[in-house]
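Indexing begins at 1, ligand by ligand and atom by atom, following the structure's order. Being a predicted model, the structure only gives us computed values, none of them experimental.
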Amino acid sequence: MEEKRFTDKVVLVTGTTSGIGRTTAAAFAREGARVVTAARREKLGESLVEEITEAGGDACFIKTDIRNPDDVDSLFNQIFERYDRLDIAFNNGGVSHPHIPTVAKTTVEEWDEVIETNARGTWLCMKHEINRMLKQGGGIIVNTSSILGFTADYGLSHYCASKHAILALTRTAALEYAPKNIRINAVCPGPIQTEILERAAKYIPNMYDMVIANTAMKRIGDTDEISGIVLWLCSDEASYMIGKEISVDGGQSI
Ligand SMILES: NC(=O)c1ccc[n+]([C@@H]2O[C@H](COP(=O)([O-])OP(=O)(O)OC[C@H]3O[C@@H](n4cnc5c(N)ncnc54)[C@H](OP(=O)(O)O)[C@@H]3O)[C@@H](O)[C@H]2O)c1
């Protein structure tokens with residue numbers, strides 16, 4: 001029988017009610033991990049746990065809004081009460097704003113929602129993860145940035161700023177904690193077929209056509225084309241890799 005890559009590892013995945021997080025949590029479970037899933041929408045979160053459990057895997061859902069420090073405290077308290085460790089964390093939960101305001105037209109509410117979810121939410125989770133990993137002697141973290149973490153796009157200043165911040169956090173933390181055996185990297189998806197794209201398509205006429213035209217491979221990616229890379233980054237095969245981002249974008253950023 002083929003050996004599973006993450007047998008008995010305790011893995012946290014945020015943003016598991018849809019898209020990339022959902023597919024990645026299921027992939028970790030298939031590889032033997034005990035997966036803690038977190039997001040806001042309870043029914044969708046629990047439905048993934050049912051799917052994983054029915055397939056013979058091990059998962060739980062903890063309702064969490066990563067913008068809320070009390071929720072994040074509670075998420076990690078529950079993880080440590082239940083498992084007393086955390087081997088791997090995939091900080092993936094995030095939002096974009098489908099309405100695309102230019103810099104000067106962005107409202108404080110739009111700015112705060114995106115920055116507080118993506119940048120501050122990722123940092124808050126990392127803070128708990130790193131403190132725990134320091135106590136237990138190591139761990140692995142992957143953050144979801146974006147190709148907009150190193151480029152720009154019209155009407156997405158808040159999103160670009162948040163994803164640039166995630167790359168800066170990834171690099172800084174990788175540098176700070178490499179000597180403590182904590183390995184931190186990021187994945188930068190290009191256009192992937194999820195709810196974020198579906199929401200944007202409602203506001204931007206011909207969005208899919210434009211995105212496909214700007215992508216060398218002339219297609220939008222699937223969530224399992226990201227999850228495969230995330231699992232690889234968390235595996236021993238990536239053991240000498242820290243503070244880096246991998247773009248998975250069908251050639252959009254070439
Ligand atoms: N799809 C793409 O083209 C693309 C490209 C580059 C980067 N990304 C990034 O990939 C990540 C996953 O997005 P996706 O494409 O899979 O889109 P998605 O299907 O919309 O998934 C986003 C996930 O994040 C969760 N989330 C949002 N706000 C949250 C909050 N405050 N607290 C906890 N969880 C929250 C959502 O769950 P709830 O609503 O239930 O909380 C959902 O599970 C995001 O960070 C996104 O920026 C996506």
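Around CG of Asp236, the count of heavy atoms belonging to other residues, nucleotides or ligands within 6.0 Å does not exceed 12.
Salt-bridge check for Glu116 with Arg67: failed, with every basic side-chain N at 4.0 Å or more from each acidic carboxylate O. For Arg132 and Asp87, the salt-bridge test fails: no basic side-chain N is under 4.0 Å from an acidic carboxylate O.
Listed by chain and residue number, Glu245 satisfy the salt bridge (charged side-chain N to carboxylate O under 4.0 Å, His left out) test with Arg171 (two or more places apart in sequence, or in another chain).
In the model, Asn143 has a side-chain atom that pairs as donor or acceptor with a side-chain atom of Thr170 under 3.5 Å.
Within 4.0 Å of ligand 1, heavy atoms belong to protein residues Gly15, Thr16, Thr17, Ser18, Gly19, Ile20, Ala39, Arg40, Arg41, Thr64, Asp65, Ile66, Arg67, Asn92, Gly93, Gly94, Val95, Thr117, Thr144, Ser145, Ser146, Tyr159, Lys163, Pro189, Gly190, Pro191, Ile192, Thr194, Glu195, Ile196, Leu197, Arg199.
When all heavy atoms of Pro189 and Ser145 are compared, the pair lying nearest together is CD-O, 3.5 Å.
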